[in-house]
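Here is the structure we will look at.
Every number for a ligand or one of its atoms is a count from 1 in the order of the listing. Because only heavy atoms are used, hydrogens play no part in the values below, and waters and symmetry mates are left out as well, while side chains stay in.
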Amino acid sequence: MMRSCTAALRTLRVLRCRLEGAFPAARHPVLARRWFSTEKVIPKDQALPNPSWSKDLRLLFDQFMKKCEDGSWERLPSYKNSKLVKEQLSQAQLFTRGYEDGLGFEYVMFYNDDEKRTVCLFQGGPYLQGVPGFLHGGAIATMIDATVGVCAAIPGGIVMTANLNINFKRPIPLCSVVVINSQLDKIEGRKLFLSCDVRSGVDEKILYSEATSLFIKLDPEKSLT
Ligand SMILES: CCCCCCCC/C=C\CCCCCCCC(=O)SCCNC(=O)CCNC(=O)[C@H](O)C(C)(C)COP(=O)(O)OP(=O)(O)OC[C@H]1O[C@@H](n2cnc3c(N)ncnc32)[C@H](O)[C@@H]1OP(=O)(O)O
């Protein structure tokens, strides 16, 4: 128990350093002011099991938590709100965290720094339906964008999606679990190129989608609008 608490605290410290390293306040004054909160209240980490998680999602979560034990993988915490919420738009919250447990996007991401890979375990709930019984393509695109976005933001700092190219190969059944596996392929100046695939959870036999993306590191000298 004591050992796992110490390990958890260590992981938290590492994550905090990473986050601060990824987004030093000086890098992009406008976004940095918006994203960093000085509040003392500790928000709830949403990237942890809740009762809506299926057996498969829990199983995969447990397998990845095991991979975290030797430090090669890290679980990435995830929160509903940023500082922007309180200061500029009281109702703003992260798009993927806006639903009640189990109804929308249930997911957790893991990062491997050596391999520059991010894996997202994702269970899309009933409010994400497109064709009856299947996930909406926009919901799939959202989770692909979020996964490759994190994979780009950890080494790249403040980035935005410039291009996202998706091939939808098979429909994803609603409420099933998929594994989104993304990697950083190349960096050229401010451009980060990433690729990703989406496969069925646990057995990974079905290839649902494949994507490539381009993220651009924001230029602190340029205005976003
Ligand atoms: C362990 C630690 C834990 C860490 C946890 C991390 C937490 C992470 C937190 C958060 C992660 C994020 C996860 C969310 C992900 C969601 C992201 C989104 O949904 S973003 C919204 C949609 N995207 C937009 O709205 C952009 C709109 N576009 C723009 O604002 C601009 O076009 C922008 C910023 C992308 C680029 O503009 P410029 O002015 O800075 O740059 P220019 O000069 O135009 O381009 C730079 C180079 O890129 C090429 N380029 C630009 N766009 C291109 C395109 N579409 N295709 C090909 N090349 C392009 C250009 O040709 C140029 O190339 P040459 O340097 O000349 O070689």
Atom 18 (C) of ligand 1: of T161, I216, I158, the nearest heavy atom sits on T161
Is there side-chain contact between [X] and [Y], with at least one heavy-atom pair below 4.5 Å?
X: V202; Y: L60; value: yes
X: M65; Y: R75; value: yes
X: L128; Y: F105; value: yes

Could you tell me whether [X] and ligand 1 have an N or O pair separated by under 3.5 Å?
X: I154; answer: no
X: E74; answer: no
X: K222; answer: yes
X: K217; answer: no
X: K191; answer: yes

task = Return yes when atom CZ of R190 has more than 12 non-hydrogen atoms of other residues, nucleotides or ligands closer than 6.0 Å, and no otherwise.
result =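 Yes.
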* Above 12 or not: heavy atoms from other molecules or residues under 6.0 Å from CZ of F134? -> yes
Practice prompt. Mind checking the CZ-CG spacing from R58 to N50? Nearest 0.5 Å is all I need.
Written response: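 One finds 7.5 Å between CZ of R58 and CG of N50.
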Atoms in ligand 1 flagged as close to [X], the criterion being non-hydrogen separation under 4.0 Å:
X: L76; value: 1 (C), 3 (C)
X: A162; value: 35 (C), 52 (N), 53 (C), 55 (N)
X: L218; value: 34 (C)

According to the interplanar angle, ranging from 0 to 90°, do the rings of F61 and F110 count as parallel (below 30°), tilted (30 to 60°) or perpendicular (above 60°)?
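If you compare the ring of F61 with that of F110, the planes turn out tilted.
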So for L214 against ligand 1, with non-hydrogen atoms under 4.0 Å, the contacting part is side chain
